[in-house]
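Heavy-atom basis, side chains included; hydrogens, waters and symmetry copies ignored. First the proteins, then the strands, lettered A, B, ... as listed; each starts at 1.
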Amino acid sequence: MNKSRDFLRTIVEEDLKSGRYKEVVTRFPPEPNGFPHIGHAKSIAINFGIANDFHGHCTLRMDDTDPTKEDTVYVKALKDAVKWLGFEWEGDVRYTSDYFHKLYDYAIELIKIGRAYVDSLDEEKMREYRGTVTEPGIRSKFANRTIEENLDLFERMKNGEFKDGEHVLRAKIDMSAANMKMRDPLLYRIRDTHHFRAGDEWSIYPMYDFAHCLSDYIEGVTHSICTLEFENNRDIYNWVLETLKLKPPRPYQYEFARLNISYTVMSKRKLLELVESGVVNGWDDPRLPTIAGYKRRGYTPESILNFCNQIGIAKANSMVDVAQLEFCIRDDLNKKVPRVMCVLNPLKVTIENYEGSEELDAPYYPDDVPKEGSRKLSFSNEIYIDREDFNENPPKGYFRLTPKQSVRLKHAYIITCKEVIKDENGNIVEIKAIYHKNSKSGSDSSGIKVKSAIQWVDTKSAKKAEIRVYDRLFKNETPQGTEDINPNSLKVIKNAMIENAVITQKPDVRFQFEREGYFYADPIDYSDKLPVFNKIVGLKESWGKKKKVSKPRVQTKKVQIEGVVAPMNEAEQKLFDRYTTKLNLNSEVANILARDKTLSSFYEDALSHNKTPVTIANIVANEVAKELKEKQVDELKFNPSEIAELAKMIDDEMISSKIAKEVFQEMTQNGGNPTQIVETKGLMQISDPSKISPIIDEIIAKNPDNVAKFRAGNSKLLGFFVGQVLKKTNGKANPKVANRLVIEKLKQ
RNA sequence: UGGGGUGUCGCCAAGCGGUAAGGCACUGGUUUUUGGUACCAGCAUUCAGGGGUUCGAAUCCCUUCACCCCAUCCA
């Protein structure tokens with residue numbers, strides 16, 4: 001864990017420190033109705049990661065409350081994903097369906113205390129009665145059923161006496177709640193469907209909002225972490241646990257932003273569409289952001305996990321650049337994977353002055369990768385190089401083979417082009433070259449300088465291989481649908497030639513094909529007879545890129561239209577006028593006070609104790625206003641007269657405004673008289689220059705770099721020095737005096 | 001539109017009143033038998049906009065704007 005924790009870890013740490021929980025318990029709770037994707041990986045990394053970091057544990061729970069959509073194939077995929085990423089769940093896999101009996105009992109309990117009822121409205125009516133976001137809803141007449149009636153009906157629902165949709169169980173909360181989710185949410189619905197685990201035992205199934213919080217509670221979860229779209233559901237989560245009066249400790253819900261990656265889609269629906277329409281070849285298509293897809297493509301779990309760590313956890317909706325993921329896999333593979341040679345697009349080269357054949361020593365790793373191992377490479381007068389590595393009319397800056405430019409064959413000799421053979425259409429079909437005998441790799445005494453070393457394979461020993469080159473699935477950064485599909489997302493190269501050392505390796509191996517990228521032996525289609533490799537990711541390229549036009553950055557000044565502010569009513573206007581003219585408040589402060597009834601009466605009250613209207617106004621309009629955002633006046637631990645007293649101390653320069661904030665902080669938390677707080681805490685301001693001066697000297701002596709920077713014109717640093725003085729004096733130094741003194745001393 | 005959220009570099013993201021972290025991307029340079037890697041250097045006088053409070057504001061207050069979520073018997 002690094003120094004700056006994400007907000008979730010901060011919460012967990014505080015809860016552990018405060019003793020709210022003895023141990024942290026999280027859970028990864030997917031619904032088994034689809035294949036997991038990299039968004040799930042983020043959630044897995046968060047939940048299991050937090051549990052690991054704080055020595056707690058994490059459960060894996062299948063949230064299987066909708067029998068119409070769920071299936072065991074997804075359960076398997078989900079379990080595989082967690083395991084593949086290297087995590088272990090606590091105990092057995094849990095299922096919400098395991099808790100159906102307990103959940104049913106809780107529902108009965110809710111009915112018994114009059115907080116749940118059986119509603120028999122049809123779907124349409126129910127929607128109508130729910131109201132809209134701006135209008136309150138109406139309670140169903142069935143909400144008046146007696147407890148006995150509800151109990152009876154609910155039991156009969158369970159027993160399968162009714163058809164789907166005839167009745168539901170609802171929580172009795174508030175049909176006019178501003179939060180739409182709280183308008184008597186559904187708890188149970190009738191589903192005459194076979195459940196993949198519970199079989200046909202149940203005719204009713206609990207809804208997410210009822211099942212989830214209680215399942216968390218049953219499992220002893222402490223921190224229930226989910227994505228942002230559940231923010232509105234948090235109220236129900238709390239309502240259920242609170243009205244059931246469950247024995248503490250109970251879980252609390254926290255939300256984070258789900259993962260989006262550019263050039264791909266993440267929603268279950270869109271993924272399903274791609275698979276079903278045949279745009280991709282199944283859920284494990286290497287172009288898909290599914291775990292199965294990344295796995296088949298050749299991504300390592302380490303790289304995915306590292307990616308999850310890099311992107312962080314926050315609440316802002318965001319879209320991560322794929323480049324970040326690509327960096328992670330390159331970074332991982334660079335350290336791990338052997339380099340071999342493969343020619344994707346072969347061009348024959350005949351070396352006219354070479355006879356016979358030989359075996360060349362070729363290490364698997366470059367010098368900067370601390371790994372051992374090498375293989376023998378056979379070399380003869382007929383080899384293949386990549387067509388891209390020869391150019392008859394090279395552009396400027398081309399480093400490879402040309403009629404005039406020699407090149408090194410990696411691990412072998414330097415060759416020079418002598419003749420270009422073309423077919424009747426003018427296509428290059430062969431290169432005739434000569435090699436330089438004394439330029440052998442490792443014992444080069446030729447003195448020839450070349451600009452690059454290229455990969456090659458010997459025609460006699462090389463094997464044919466199929467290479468599947470994957471590119472991003474979509475053309476757009478934020479694809480909407482199939483219309484944005486990149487038609488070239490898969491290119492199959494049938495005639496690539498690969499050095500035979502590769503073939504002797506077992507599957508589940510990754511290689512770097514030199515100068516091309518990282519490749520993975522396809523776990524399904526690979527055979528020694530027809531090797532098939534998937535391109536995981538290319539090497540970082542700086543040559544091709546230069547030619548691209550870099551978009552000129554258009555610096556547009558942000559212009560924003562100001563909205564209209566509601567005009568003040570007559571009383572507010574009168575108040576405003578009095579404040580600005582009589583009391584000399586600035587218009588902004590006067591405006592804040594005049595428009596807020598509680599604030600203005602608080603202010604008036606304070607004013608009766610002390611006649612320094614401006615200082616009091618500033619405190620009321622800023623500090624008191626902050627408190628009143630979350631509290632009612634009668635909840636405040638301080639009163640107007642104490643605020644007036646605080647203001648007086650500021651005016652008398654007994655304390656600085658900085659200290660005043662600290663005192664105010666204390667007043668809000670524990671109450672108390674400001675004068676007393678200042679006395680007991682010894683917060684009286686130090687304004688005597690002779691006391692502050694030596695401290696400044698000390699700081700100046702300790703920070704010669706910053707002194708130099710300040711003198712060079714970095715005036716921001718004034719804040720740094722004053723800050724240090726304040727720190728040394730526990731905030732008591734008079735900052736105005738300190739400011740003046742620092743400037744004086746540094747100007748010398 | 002009512003409610004709930006979120007705005008810090010091209011993309012993520014720290015920061016919680018005292019010098020705007022870090023990663024990716026990008027741009028130079030050094031090393032290099034991968035146009036890879038590694039290394040060095042450069043990349044926010046400014047935190048959605050406007051006001052206010054303060055010696056000092058990304059952080060506190062007011063206000064405006066933009067985006068996301070909520071009216072499934074889905075989760």
Would you classify Ile313(A) as touching base, sugar-phosphate or nothing, given that sugar-phosphate means primed atoms plus P, OP1 and OP2, and contacts are heavy atoms under 4.0 Å? sugar-phosphate
What do the steps show when you test Glu541(A) against Arg515(A) for salt bridge (Lys or Arg N to Asp or Glu O under 4.0 Å), and what is the final call? CA-CA 9 Å; Glu541(A) 242 180 292; Arg515(A) 303 207 307 132; over 6 Å; no
Can you tell me, in whole Å, how much space there is between the C1' of rG51(B) and that of rG15(B)? 24 Å
rG36(B) base / Arg330(A) side chain donor-acceptor hit below 3.5 Å: no
Check the chi torsion on rU46(B) and let me know: syn if it falls within 90° of 0, anti if not. anti
Can you tell me how the ring of Phe154(A) sits relative to the ring of Tyr188(A), calling it parallel under 30°, perpendicular over 60° and tilted otherwise? perpendicular
Check: Thr193(A) main-chain N/O paired with Tyr205(A) side-chain donor or acceptor under 3.5 Å: yes
Please determine whether any donor N or O and acceptor N or O are separated by less than 3.5 Å between the side chain of Asn232(A) and the base of rG5(B). no
Below 4.0 angstrom from OP1 or OP2 of rG35(B), is there any side-chain N or O of Arg515(A)? yes
On a plain distance test, is the side chain of Gln512(A) in donor-acceptor contact with the base of rU34(B) below 3.5 Å? yes
Give none if rU34(B) has no partner; otherwise give the nucleotide forming a Watson-Crick or G-U wobble pair with it, both distances under 3.5 Å. none
Check this for me: does the side-chain of Lys716(A) come within 3.5 Å of the base of rU46(B) through a donor and an acceptor? yes
Should Arg189(A) be listed as having a side-chain N or O under 4.0 Å from OP1 or OP2 of rA75(B)? yes
Quick one: the side chain of Gln324(A) and the base of rG23(B), do they pair up donor-acceptor inside 3.5 Å? yes
Is a donor-acceptor contact shorter than 3.5 angstrom present between the side chain of Glu562(A) and the base of rG49(B)? yes
Closest to the Thr134(A) side chain: rU33(B), rU1(B), rU19(B)? rU1(B)
Looking only at atom P, what distance separates rC39(B) and rU45(B), rounded to whole Å? 27 Å
Across all strands, who's sitting opposite rU45(B) as a Watson-Crick or G-U wobble pair, both distances under 3.5 Å? none
So, under a plain 3.5 Å distance rule, would you say the side chain of Asn317(A) forms a donor-acceptor pair with the base of rC68(B)? no
Just to confirm, is there a sub-4.0 Å distance from OP1 or OP2 of rA75(B) to any side-chain nitrogen or oxygen of Thr65(A)? yes
Is there side-chain contact between Tyr74(A) and Asp64(A), with heavy atoms separated by less than 4.5 Å? no
Would you measure the distance from the C1' atom in rC73(B) across to the matching atom in rA48(B) and give it in whole Å? 41 Å
Nearest to side-chain heavy atoms of Thr132(A), which nucleotide of rA71(B), rC73(B), rG52(B): rA71(B)
Given side chains that start at C-beta, do those of Arg408(A) and Ile454(A) come closer than 4.5 Å, heavy atoms only? no
Near Asp367(A) CG, under 6.0 Å, is it more than 12 heavy atoms from other residues, nucleotides or ligands? no
Return the stacking result for rA75(B) and Tyr208(A): yes when the ring centres lie under 5.5 Å apart and the planes under 30°, no otherwise. no
Distance check: side-chain N/O of Arg234(A) vs OP1/OP2 of rC70(B), anything under 4.0 Å? no
With a 4.0 Å cut-off on heavy atoms, is Phe327(A) in touch with a base, just the backbone sugar-phosphate, or nothing at all? sugar-phosphate
Can Phe720(A) be called stacked on rG18(B) when the rule is centres closer than 5.5 Å and an angle between planes below 30°? no
Under 30°, 30 to 60°, or over 60°: which ring-plane class applies to Phe399(A) and Trp543(A), parallel, tilted or perpendicular? parallel
Once hydrogens and angles are ignored, does a donor-acceptor distance under 3.5 Å link the base of rG4(B) to the side chain of Asp235(A)? no
Dump the intermediate steps for salt bridge (Lys or Arg N to Asp or Glu O under 4.0 Å) on Arg27(A) and Asp216(A), then the final yes or no. CA-CA 8 Å; Arg27(A) 98 268 96 110; Asp216(A) 282 345; 3.8 Å; yes
Pair assignment for rA71(B), Watson-Crick or G-U wobble, requiring both distances under 3.5 Å: none
Given that both distances must come in under 3.5 Å, which nucleotide forms a Watson-Crick or G-U wobble pair with rU6(B)? rA66(B)
Between the side-chain atoms of Asn334(A) and the base atoms of rU37(B), is any donor-acceptor pair under 3.5 Å? no
Between rC43(B) and rC55(B), how far is it from one C1' atom to the other, in whole Å? 32 Å
Can a side chain N or O of Asn618(A) be found less than 4.0 Å away from OP1 or OP2 on rU54(B)? yes
Is there a Watson-Crick or G-U wobble partner for rG56(B) with both distances under 3.5 Å, and which nucleotide is it? none
Give a yes/no answer on whether the side chain of Arg408(A) brings an N or O atom under 4.0 Å of OP1 or OP2 in rU34(B). no
Suppose you measure atom C1' in rC62(B) against the same atom in rG23(B); what distance do you get, rounded to whole Å? 36 Å
Considering only atom P, compute the distance from rA25(B) to rG17(B) and round it to an integer number of Å. 34 Å
Which whole number of Å gives the distance between the C1' atom of rA58(B) and that of rC74(B)? 40 Å
Quick check on rC62(B): is either OP1 or OP2 less than 4.0 Å from any side-chain nitrogen or oxygen of Lys629(A)? yes
What interatomic distance, in whole Å, is found between C1' of rU34(B) and the corresponding atom of rU27(B)? 22 Å
Ranking rG4(B), rU6(B), rU53(B) by distance to the side chain of Val589(A), first place goes to rU53(B)
OP1 or OP2 of rG36(B) versus the side-chain N and O atoms of Ser542(A): is any pair under 4.0 Å? yes
Under 4.0 Å from OP1 or OP2 of rG35(B): is there any side-chain N or O of Lys540(A) that close? no
